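Notes follow the structure.
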Amino acid sequence: MKRASTQAGFTLIEMFAVVVILLIIGGLGFKAIQMTATASAATVFRADLDTRVHRTLARVARELQEAKLEELVPEPSEPFGASTVAYRCAEVPDIEEIVWGEFRQLVLAPSPEDPADGRDNDHDGIVDEHELRLIHDVGLSSERMTVLVRNVAPRLEGEQANATDDNGNGLVDEPGFCLARRDGILHIRLTLLGKDPRGEVVARTAETTVWPRN
Ligand SMILES: [Ca+2]
Ligand SMILES: [Ca+2]
Ligand SMILES: [Ca+2]
């Protein structure tokens with residue numbers, strides 16, 4: 001009888017050990033699944049940020065394609081370029097005598113929720129993010145503003161505020177959205193920031209060019 005009781009005791013300990021091992025394996029498995037899911041969500045996040053930066057650049061390029069590029073105010077010359085420009089677009093493109101519309105403006109401005117003070121005022125993990133605005137009918141009663149994109153980096157990727165061209169693109173200390181004219185061609189650059197599902201702040205940068213048409 002005593003021997004049977006010892007065997008039963010062993011069996012219980014063994015069962016307990018098995019349960020503990022299964023729990024550990026299950027926990028590790030869950031952790032692995034969780035890590036894979038987070039990594040895959042981070043990949044999707046980066047791809048989405050990539051799409052957003054290219055889509056915004058294409059939108060800005062379409063806008064400036066119809067502009068009187070020779071009369072951008074201010075002239076976005078190197079090495080500083082311009083992040084806020086005023087211009088006029090052809091009202092009816094592709095006709096012989098162009099009629100120019102009212103002034104429009106592309107404006108890079110600090111996010112209202114996160115003023116440029118070196119702190120993350122809105123606690124979204126990104127410090128001093130900006131937004132890119134498009135204003136129609138500048139200065140008129142019909143003036144209206146659209147935010148083209150948020151979470152623009154305070155500086156273009158690779159650039160720091162140190163009076164040096166850190167990223168070697170011919171511009172010094174340029175902001176996260178910048179226009180620059182070189183040899184008559186307008187270069188548009190944009191860096192967007194985002195906090196991915198792993199909590200890392202990631203940057204995506206793209207560049208496009210616009211040739212004078214009007
Ligand atoms: Ca801030
Ligand atoms: Ca922020
Ligand atoms: Ca710099």
Side-chain angles (χ1 to χ4, degrees), residues 37-61 64 69 72-86 105-135 144-210:
T38 309
S40 129
T43 305
V44 171
F45 180 88
R46 281 159 203 248
D48 179 59
L49 196 60
D50 225 24
T51 305
R52 210 140 36 97
V53 76
H54 282 101
R55 197 179 289 159
T56 307
L57 269 190
R59 172 75 182 84
V60 172
L64 292 173
L69 281 189
L72 293 180
V73 183
E75 161 65 21
S77 48
E78 293 182 337
F80 298 111
S83 297
T84 291
V85 285
Q105 211 175 13
L106 282 165
V107 178
L108 181 69
S111 159
E113 289 81 34
D114 196 338
D117 56 3
R119 295 188 299 124
D120 180 16
N121 308 71
D122 57 356
H123 309 291
D124 65 351
I126 303 167
V127 177
D128 294 351
E129 64 271 23
H130 283 50
E131 60 183 36
L132 180 60
R133 303 169 185 163
L134 172 61
I135 302 172
R144 61 194 189 281
M145 189 266 281
T146 312
V147 175
L148 295 182
V149 75
R150 298 181 205 277
N151 285 353
V152 179
R155 301 269 163 212
L156 203 74
E157 193 169 8
E159 195 64 31
Q160 293 168 27
N162 56 4
T164 303
D165 177 13
D166 305 273
N167 54 15
N169 63 2
L171 295 170
V172 172
D173 296 0
E174 72 276 19
F177 168 74
C178 192
L179 303 176
R181 197 196 304 278
R182 181 184 287 181
D183 301 328
I185 301 163
L186 194 64
H187 295 254
I188 313 169
R189 299 177 173 93
L190 176 68
T191 297
L192 293 185
L193 299 175
K195 194 174 172 187
D196 79 5
R198 286 184 290 210
E200 286 174 26
V201 174
V202 292
R204 280 293 180 269
T205 302
E207 178 178 345
T208 192
T209 50
V210 174

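These numbers were taken from a predicted model, which means no experiment stands behind them. Throughout, numbering of the chain's residues begins at 1 and tracks the sequence. Each ligand, and each atom within it, is numbered from 1 in the order the structure gives.
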Could you please spell out the steps behind the side chain to side chain contact (heavy atoms under 4.5 Å, CB included) verdict for Asp196 and Val201? CA-CA 6 Å; Asp196 79 5; Val201 174; over 6 Å; no
Kindly determine whether Phe177 and Ile188 satisfy side chain to side chain contact (heavy atoms under 4.5 Å, CB included), including the steps that lead there. CA-CA 7 Å; Phe177 168 74; Ile188 313 169; 3.6 Å; yes
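In summary, no N, O or S atom of Glu113 is located under 3.0 Å from the Ca ion (ligand 2). For the Ca ion (ligand 2), the set of nearby N, O or S atoms under 3.0 Å includes none belonging to Gly125. Distance check for Pro110 against the Ca ion (ligand 1): none of its N/O/S atoms falls below 3.0 Å. Metal site remark for the Ca ion (ligand 1): Val127 contributes no N, O or S atom at a distance under 3.0 Å.
Here the angle at the Ca ion (ligand 2) defined by OE2 in Glu129 and OD1 in Asp124 stands at 90°, rounded to 10 degrees.
Distance check, rounded to the nearest 0.5 Å: NE2 of His130 to OG of Ser83 gives 8.5 Å. To the nearest 0.5 Å, the span separating OG1 on Thr191 from CZ on Arg155 amounts to 12.0 Å. Distance check: Thr56 OG1 to Leu190 CG gives 6.0 Å after rounding to the nearest 0.5 Å. Atoms CG and CD, on Leu108 and Glu174 in that order, are 12.0 Å from each other to the nearest 0.5 Å. Atom NE2 of His54 and atom CG of Leu49 lie 10.5 Å apart (nearest 0.5 Å). Atoms CG and CD, from Asn169 and Glu78 in turn, are 8.0 Å apart once rounded to the nearest 0.5 Å.
The tally of protein N/O/S atoms under 3.0 Å from the Ca ion (ligand 3) stands at 6.
Checked against the Ca ion (ligand 1), the N, O or S atom of Asp117 at the shortest distance is OD1. Within Asp128, the N, O or S atom lying nearest to the Ca ion (ligand 1) carries the name OD1. Here the N, O or S atom of Asp120 that is nearest to the Ca ion (ligand 2) is OD1. Looking only at N/O/S atoms, Asp114 comes nearest to the Ca ion (ligand 2) through OD2. The Ca ion (ligand 2) sits nearest to atom OD1 when only the N, O or S atoms of Asp122 are considered.
Side-chain N/O atoms of Ser111 and Glu113 include a donor and acceptor closer than 3.5 Å.
Side-chain atoms of Gln105 and Thr84, non-hydrogen and from C-beta on, do get closer than 4.5 Å to each other. In this structure, the side chains of Val210 and His187 stay at 4.5 Å or more apart for every pair of heavy atoms.
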